[in-house]
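To start, the structure itself, in structure tokens.
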Number of protein chains: 2
Amino acid sequence: MKLTAKGQATRQRIIEGAAAHLRSDDAGGVTLDDIRAITGTSKGQIFHYFPDGKEELFLAVARFEADRVLADQRPHLGALTSWTAWERWRDAVVARYRAQGRSCPLGVLMNELGGTPGAHEVISTLLARWQAELRRGVLDMQEAGLVRAGVDADRMSAALIAGIQGGVQVLRSTGSAAHLEAVLDVLVDHLRS
Amino acid sequence: MKLTAKGQATRQRIIEGAAAHLRSDDAGGVTLDDIRAITGTSKGQIFHYFPDGKEELFLAVARFEADRVLADQRPHLGALTSWTAWERWRDAVVARYRAQGRSCPLGVLMNELGGTPGAHEVISTLLARWQAELRRGVLDMQEAGLVRAGVDADRMSAALIAGIQGGVQVLRSTGSAAHLEAVLDVLVDHLRS
DNA sequence: GGCTTTCTAGACCAGCCGGTCCACTCCTAC
DNA sequence: GTAGGAGTGGACCGGCTGGTCTAGAAAGCC
């Protein structure tokens, strides 16, 4: 399929409009017609730009949102080379998800996409990239002598990923970021000890 | 509504049948008709025992499943008074969720129930009870002098809850229990240090 | 300027699914 | 045994939703 500049713009508008809607509170059970209305497009356009329909569109939105997750942690995530950097990063993560509140675009997308392989792939890729950056951070701290060498960077970064995911999930259920803060604090403390 | 013994049995059969189906692999997008077929009942019965329909039924199933979550951690969860008890508990949690694999009954139910207040309440209650038992365990260890007094039992138990939730979520996405094991190991290590 | 391709629009369709309704059976109390 | 309520069965309905199709407007290309 060839896309003119105009076409590109429309396609992008659909993705970003859908993403924006998912970030709103009442995102449960999004329908193609919702997206159509929000983005000011027509059924024809949606299927023109996403021939495989819902799944293809939602997958595109998921990728878009996944990129945002990491982008929102910049620049801290990329340079975890001091304790202040770690603190800043921790605060950025907490702030991001606190702002997001109970809504969770990627969560909704995963529901909607069910267990399609593509969906798992998007999440897996995101988690892998995220963890790799955290791992790099742990290693950097070790090389700088700020973290004792006995710490297993792989295990530590995996624990951080799990902790964040769980903290966010609890935040979605209870509306409180206490768990997210607790797990990050404990894990960073552990790193520090 | 009056329920005879037979009625009770049928109602329970519906709940347990639905729960069993949710524990299977292809549980995404469960429909009342699925449950009707699996439990060998009729539309009439479902609405007879759950007048509010889907939401009421799924909420009942969610409560049933939530109880199972804690039950599956017995007896360890109730007596975390030694390091071996903690290890056993950790192993029980990992084993339970590893066996559960990618499917997650409560997760599916939460999807289906959307953000209804009842759904959040079930999850919140489960997490609160779970965390209270872990907190008790930490305190017991401190009273026995096995954990240093400086550890904040509230924060530690919150971190464990978040870690488990996240580990399970990653397990659902990637199929690997590595993150769950990592976060539990790191957190228990931290407790031990 | 005319031909082709892309872009936009919205009517329309078919299947699914939660929920209603009524008819029938079975149990129990008196 | 009979009346009334509980239990059971399944036809039926209405709305929603993903997806199709046709057809016209706009834009690129020579």
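Just so we're on the same page: letters track the sequence lines, and every chain starts at 1.
Under the 3.5 Å distance criterion, the side-chain polar atoms of B:R11 are matched with a main-chain donor or acceptor of B:Y49. Using modelled atom types, no side-chain atom of B:R88 and backbone atom of B:L80 make a donor-acceptor pair closer than 3.5 Å.
Judged as a side chain to side chain contact (heavy atoms under 4.5 Å, CB included), and not counting sequence neighbours, the contacts of A:T174 are A:V170, A:S176, B:S124. In this view, A:D152 satisfies the salt bridge (Lys or Arg N to Asp or Glu O under 4.0 Å) rule with no residue, not counting sequence neighbours. Residues satisfying the side chain to side chain contact (heavy atoms under 4.5 Å, CB included) test with A:Q131, not counting sequence neighbours, are A:S157, A:A158, A:I161, B:H179. Residues meeting the side chain to side chain contact (heavy atoms under 4.5 Å, CB included) test with B:E112, sequence neighbours left out: B:V30, B:K54, B:F58, B:V108. Scanning for side chain to side chain contact (heavy atoms under 4.5 Å, CB included) contacts around A:T31 gives A:D33, A:D34, with sequence neighbours left out.
Looking at residues 52-61 of chain A, you'll see A:G53, A:K54 sit with a heavy atom under 4.0 Å from some atom of DNA chain D. Using a 4.0 Å cutoff on non-hydrogen atoms, the parts of residues 29-36 of chain A near DNA chain D are A:V30, A:T31, A:L32, ordered by number.
From A:Q45, atom CD reaches atom CZ of A:F47 across 12.5 Å, with rounding to the nearest 0.5 Å. Atom OG1 of A:T84 is separated from atom CG of A:D91 by 11.0 Å, given to the nearest 0.5 angstrom. With rounding to the nearest 0.5 angstrom, the CG atom of B:L160 is 7.0 Å from the CG atom of B:L184.
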Could you list the donor-acceptor pairs under 3.5 angstrom formed between side-chain atoms of residues 62-71 of chain A and any protein atom two or more places apart in sequence or on another chain?
from: A:E65; atom 1: OE2; to: A:R23; atom 2: NE; distance (Å): 3.3
from: A:E65; atom 1: OE2; to: A:R23; atom 2: NH2; distance (Å): 3.1
from: A:D67; atom 1: OD1; to: A:R129; atom 2: NH2; distance (Å): 3.0

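For the pair B:Y49 and D:dT8, the criterion of a side-chain N or O lying under 4.0 Å from OP1 or OP2 is met.
Put simply, CZ on A:F50 is 15 Å from P on D:dT20, counting in whole angstrom units. One can place NZ of B:K2 at 14 Å from C1' of C:dC27, the figure rounded to the nearest angstrom. Atom NE2 of A:H48 is separated from atom P of C:dT5 by 13 Å (rounded to the nearest Å). D:dC16 atom P lies 17 Å from atom CD of A:E112, rounded to whole Å. What separates CZ of A:F47 from C1' of C:dC13 is a distance of 13 Å, to the nearest Å. If you measure from atom CD of B:Q12 to atom C1' of D:dG7, you get 17 Å, rounded to the nearest angstrom.
Pairs of residues two or more places apart, or lying in two chains, that qualify as ring-ring contact (aromatic ring centres under 6.0 Å, His included) and include a residue from residues 88-134 of chain A are A:W86-A:W89.
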*Worked check of salt bridge (charged side-chain N to carboxylate O under 4.0 Å, His left out) between A:D154 and A:R135*: CA-CA 6 Å; A:D154 288 306; A:R135 182 170 169 279; 2.7 Å; yes

Distances under 3.5 Å only, N/O to N/O: pair up the protein atoms with those of nucleotides 9-12 of chain D.
from: D:dG9; atom 1: OP2; to: B:Q45; atom 2: NE2; distance (Å): 2.3
from: D:dG9; atom 1: N7; to: B:S42; atom 2: OG; distance (Å): 3.2
from: D:dG10; atom 1: O6; to: B:G44; atom 2: N; distance (Å): 3.1

Under 3.5 Å, N/O pairs linking protein and nucleotides 22-30 of chain D:
none

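Minimum heavy-atom separation, A:T81 to A:L146: O-CD1, 4.0 Å. Closest non-hydrogen pair, A:A177 versus A:R98, comes out as CB-NH1, 4.0 Å.
Side-chain contact of B:Q12 with B:Q8: a donor-acceptor pair under 3.5 Å is absent, judged by distance alone.
Rounded to 10 degrees, the angle separating the terminal helix axes of the helix from C:dG1-D:dC30 to C:dC30-D:dG1, each built from five base pairs, is 10°.
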